[in-house]
Structures are given as structure tokens and as C-alpha cells.
Amino acid sequence: MSENARSGGLTRRHAMVGAAGVAALAVTMPGLARTPGRKPNFLFIMADDLGYADLSCYGREEYETPVLDSLAQQGMKFTHGYANSAVCSATRVGLITGRYQYRIRAGLDEPLGSPGIGLPPEHPTLPSLLRAQGYHTGLVGKWHLGMLPDFGPLKSGYDEFWGNRGGGVDYFTHKVAGNPDLWDGEVKVDEHGYYTDLLADRSIKFLEDRAKEDKPFLLSLHFTAAHWPWEANDAEGRSESARLDSKPANGDLNIAHYDGGDMKTYAGMVTSLDKNVGRVLTRLAELGLAEDTVVVFTSDNGGERFSNRWPFTGMKTELLEGGLRVPLIVKWPGLTAPGSGNVSPVLSMDFLPTFVAAAGGAPDPAFPSDGVDIRPALAGNVLPERSLFWRFKNKDQKAARRGAYKYLSINGNEYLFNVVEDPLERGNLKERMPEKFAELKAAFNDWDAGMLHDPDARSFGFTPQMLADHFGWND
């Protein structure tokens, strides 16, 4: 059976739609909110470090994710959904700007952590562009795009913010490196409860407030699950939280515990994520907002220690498919066919041009988007072939994908893979297809020449001391 058939039965007519036809379709396609004259609402849900196959509808067998499986049955499941980066903050720069993250300094850190660096408040963003179209905008959850006083969600287009500013927090103490990191706007707050639950609570409040006004909204719900620390919402999780809280920070984050976690804990974290997405979606429906709301679920990069990335190799911080390929589900009332699938490669940065166009706006011409409007794909077409690029400073990683083929370079070792027929990236076609290899390598070099570079940018990668399966990476 072909991949097209497996992912929703896309027809030959759909696959043959040309670039001009798809572009015209995107221009003429309405926003498609069900209420006449109303622009669509957007609920963008992003998990953290969730692997491609960590949902049961993508292949996980150790536990079930009924809410997100149901969302896939109500909308469209992508099998070639990609994160803009193999690490969190860089992807978030791509998502919020609609551009390759390597165009601004904040996107070069992998992950962000250099002092005084963040998303410039003057840069147009997804929330600022939607706000210009009359939207109320809110971020609940993880920001990780720069710290106060110079950077923050309220400085970059969000009307409301409730969550953590850094890369991760303890699920019970809401601390990182011994310091609380929970904020309501620009004020630190103290709340009790499991963090995944609290983010759903706050999102429900946001929706209840929006139901009282006649105004479209963007809610960016950025969970920290399934990012470490490895703590499920149970007695064992609370005990682990107390253990971590008692340890001296010693200059590190104190929650990236390589002596913690197991499959049971990870299952508890992901099923809690699924349950809390369900709480938010249920309240959305109860408030009568579901038929006017586009819902997206995805992850910021590939999975980490306990995730399932099958049928890919690699993980977070790596440009193998397992570090980049993520679950991507879109329910767009009136546009996506229930239970449909799509094989078009789609990136995080595609959502800015898609949402802004559906809202009746356009990207700032001074900051043109590198993404594309994916509504034609959501309507059942395959997007025209395009070139996609990634790089990662650690191990000097480079990648380019065009069609089925991917150029990959790690530590100077170069490869050409057919990632459709060989998703494990085992058969190196560099010598068998030298012209294709040279074409993609040249395309990467041309693209990379137009991106920013900073030798002082931070970059992280796993070592054999951290993970036993990385024993050969330091050779």
C-alpha cells in the first residue's frame, strides 16, 4: 500500500495540482469559521519533546491517547510534519516569526540561554499580526524566547501570558535551578498543583473569558510535557520532585536528572497531557466555540530519552528524522475532512502565513515568511515540492529535504537518503545518485550563505556520559 493511501487516500488528481493552482486556491480560500462573518479562532497546542510515535494514533503501544486519537479522527493527520529545529527554543522562534530561526540571533542558540538575547519585540510575530486583524491573543505555558526586562510574550504580540519563561520547570514546585519560574503576565505567582493540570485550568479560563466577547482569538497552549523532569502526577512523581528540590543546583538546571525516569513515568506524563487537552477541547465545545475554532496539535522537536520515534532514528538535538519529525494533527472545521491524512512536508513556520491569511492579513513585507499557506493541503491536496533546510551547530549537522530525498551531514560525514522509502536513514545513496547528492548539498550551501552565523551561539548535544546509546558520537 502506498503512503498516500495509508494517510487518507489522497487521489492522483490532488497530487497533480501544480504550484500555481495551489497558490490560487490558498488566495481564494475563506477563513471558514462556521459563524457567518466571523474570522476563525485558533487554538495552537504544542507539546514539548514529544516523539513522532508517542501518540497511539501514530504507533505508541504501551499506553493510549484517546483524546488526541479522536482529534485525528475529526481532522487531518500529517505523516511528514516537521519541527523547525531539533531543539525547543529555536523551533519556537521559527513558529512565532514564520521564518527560518537562523535569521535572528535568538534563533541561533540551541537552546536559548545566552544572557541578554531573546526575540526582539519589534519583530512581527504570529500574535502581533493576528492582533492587528482584531484578535485577542494569549500564551499559556512555555515561552523560552528571552527574559525580562527586555523580552517577553507581552512585548511580542500576546495580550495575556500565564506560564514559565524558561525552558522547563518542575511539575510540582514550578522551579528550575532552585528558582520559581511561574508568571501571570510580568508578575511572578505561586500556585499549587501539577503543571500540566494548571496549564489546562488557565486555558479553560481564557476560553471562558473569550466566550463573553464577540472577538476572534489565538490561544497558544504550550505545554511543557513531556519534557523532563520525569514526574507523573502521582506519589512517585511528588517524591521525585521533593528529591530534586533538595539537591543543590551546582550551576545546572537541577531538573535534567539522568538518574531519573522510566517508561511508566513517561506514560503517566503523556496520558496526563492527553487528558488535559481533552479538558480544554471539551470546554471549547461546551462554550459553543468548537465549530469556529481551528485546533492544531504538534511538538517542538523530536522526542527525548523515553519517547518512541519509530520508524525513525535519532532524537532531540539531531537532524536525523527522529529529531525533526513530529506528530501534527489539524482540525479545521469546514476544511479538513474527518479522518484524513496528508504526506506533504509541513514545518512549524508554515502556521504564521496560514493563520494570518485565513484571518484576512499578510506577513509584514519587511519580514517575509519562509513558510507557506498550508490550507490547500488541509483541503486534501499535496503541496508542491519545495526545499526545506535545517542546521544544528553541535556535531556540525546540516540537512536539506526536497521531495523524497534528504541531504544529511554530521561531523563531516555526508549522506543522501530517500526518507520516504527508507525512513530509518540506513541506505546512503550518495555514490549511487551523485547528481541528486550534489544538487541538495549545493542547495543547502546556497541557503546557508543567507543565514546568520555566530561562533559564540550555544548548542547542546547528548554524550556517552549521558546516554549509553551515544557511545560512538565522540569518536
Side-chain angles (χ1 to χ4, degrees), residues 42 44 46 48 83-132 135 137-169 176 181-186 218-224 227 298-301 347-356 361 363-371 390-393 451-454 456-460:
F42 299 110
F44 188 93
M46 177 173 273
D48 199 340
N84 255 60
S85 176
V87 76
C88 49
S89 62
T91 288
R92 291 163 198 272
V93 171
L95 170 67
I96 201 169
T97 65
R99 312 173 81 210
Y100 281 114
Q101 61 271 21
Y102 319 101
R103 293 192 182 279
I104 64 174
R105 176 59 185 84
L108 303 187
D109 272 15
E110 299 162 342
L112 185 64
S114 298
I117 293 177
L119 177 66
E122 66 273 14
H123 196 297
T125 63
L126 173 60
S128 72
L129 292 168
L130 287 178
R131 190 161 68 178
Y135 279 68
T137 59
L139 170 62
V140 174
K142 179 172 173 174
W143 166 244
H144 203 190
L145 293 177
M147 305 299 283
L148 289 173
D150 298 319
F151 311 105
L154 303 187
K155 302 178 188 300
S156 288
Y158 285 109
D159 296 309
E160 299 182 29
F161 167 60
W162 196 95
N164 58 301
R165 294 182 176 274
V169 293
V176 59
D181 185 22
L182 186 58
W183 301 78
D184 187 348
E186 297 189 350
L218 164 69
L219 172 56
S220 300
L221 171 50
H222 293 183
F223 287 101
T224 57
H227 193 289
T298 191
S299 179
D300 60 351
N301 48 250
L347 264 72
S348 316
M349 65 185 180
D350 291 331
F351 287 99
L352 182 147
T354 302
F355 287 3
V356 172
D364 188 318
F367 300 88
S369 178
D370 294 309
W390 299 266
R391 72 176 198 224
F392 204 85
K393 185 178 177 183
M451 299 294 119
L452 295 180
H453 296 78
D454 185 345
D456 296 324
R458 301 172 71 244
S459 190
F460 176 80

* Asked: Is it true that a side-chain atom of Ser369 and a backbone atom of Pro353 form a donor plus acceptor pair closer than 3.5 Å?
  -> no
* Heavy-atom pair of closest approach, residues Ala83 and Trp390 -> O-NE1, 2.9 Å
* **Validation row: Val87, Phe392 side chains within 4.5 angstrom (heavy atoms)** => yes
* Measuring from His222:NE2 to Leu139:CG, what's the distance to the nearest 0.5 Å? -> 6.0 Å
* Any sub-3.5 Å donor-acceptor pair from Ser348's side-chain atoms to Asn84's backbone N or O? -> yes
* Asked: Would a 4.5 Å heavy-atom cut-off, applied to side chains only, mark Leu182 and Val169 as touching?
  -> no
* Just grab all the ring-ring contact (aromatic ring centres under 6.0 Å, His included) pairs involving residues 104-130, residues at least two apart or on different chains. => His123-Phe367
* **Asp181 (side chain) donor-acceptor with Gly166 (main chain) under 3.5 angstrom** => yes
* To do: I would like to know whether Leu218 and Arg131 meet side-chain contact (heavy atoms from CB on, under 4.5 Å); could you show each step before the answer?
  => CA-CA 9 Å; Leu218 164 69; Arg131 190 161 68 178; over 6 Å; no
* Between Ser220 and Tyr158, which heavy-atom pair has the shortest distance, and what is it? -> OG-OH, 2.7 Å
* CG on Asp350 to CG on Asp370, rounded to 0.5 Å -> 10.0 Å
* With rounding to the nearest 0.5 Å, note down the distance linking CD1 in Ile104 to CG in Leu145. => 8.0 Å
* **Steps toward side-chain contact (heavy atoms from CB on, under 4.5 Å) verdict (His227, Asp300)** => CA-CA 10 Å; His227 193 289; Asp300 60 351; 6.0 Å; no
* Asked: Checking Arg99 side chain against Met349 main chain: does a donor-acceptor pair fall under 3.5 Å?
  -> no
* Structure fact -> One should read off an interatomic distance between Met46 CE and Leu95 CG, to the nearest 0.5 angstrom, of 4.5 Å
* Asked: Can you name the nearest heavy-atom pair linking Leu130 to Val356, along with the distance?
  -> CD2-CA, 4.1 Å
* Tell me, with the steps shown, if Leu126 and Phe44 meet side-chain contact (heavy atoms from CB on, under 4.5 Å). => CA-CA 11 Å; Leu126 173 60; Phe44 188 93; 5.9 Å; no
* Could you tell me whether Asp48 and Arg92 have a side-chain N and a carboxylate O separated by less than 4.0 Å? => yes
* To do: Specify the closest pair of heavy atoms between Gly185 and Arg165, including all atoms of both residues, with the distance to one decimal.
  => O-NH2, 2.7 Å
* Decide yes or no on side-chain contact (heavy atoms from CB on, under 4.5 Å) for Tyr102 and Leu452, but give the supporting numbers first. => CA-CA 6 Å; Tyr102 319 101; Leu452 295 180; 5.5 Å; no
* Give, for atom CD of Glu160 and atom OG1 of Thr137, the distance between the pair rounded to the nearest 0.5 Å. => 8.0 Å
* Angle class for the Tyr135/Phe42 ring planes (parallel below 30°, perpendicular above 60°, tilted otherwise)? -> parallel
* Structure fact -> Minimal heavy-atom distance between Tyr100 and Met451, with the atoms involved, is CB-SD, 4.1 Å
* Asked: To the nearest 0.5 Å, what is the distance between CZ (Phe460) and SG (Cys88)?
  -> 10.5 Å
* **Check: Pro127 and Ile96 side chains under 4.5 Å, non-hydrogen atoms** => yes
Side chains of residues 105-115: which donor-acceptor pairs under 3.5 Å do they make with residues two or more places apart or in other chains?
| from | atom 1 | to | atom 2 | distance (Å) |
| --- | --- | --- | --- | --- |
| Arg105 | NE | Asp454 | OD2 | 2.7 |
| Arg105 | NH1 | Asp109 | OD1 | 3.0 |
| Arg105 | NH2 | Asp109 | OD1 | 3.2 |
| Asp109 | OD1 | Ser114 | OG | 3.4 |
| Asp109 | OD1 | Arg458 | N | 3.1 |
| Asp109 | OD2 | Gly113 | N | 3.3 |
| Asp109 | OD2 | Ser114 | N | 3.0 |
| Asp109 | OD2 | Ser114 | OG | 2.7 |
| Glu110 | OE1 | Lys393 | N | 2.9 |
| Glu110 | OE1 | Ser459 | OG | 2.6 |

* **Atom of Pro365, atom of Pro368 and distance for their closest heavy-atom approach** => O-CD, 3.5 Å
* Asked: So, Ser128 side chain and Pro124 main chain: donor-acceptor pair closer than 3.5 Å or not?
  -> no
* For the side chain of Lys142 and the backbone of Asn164, is there at least one donor-acceptor N/O pair under 3.5 Å apart? -> no
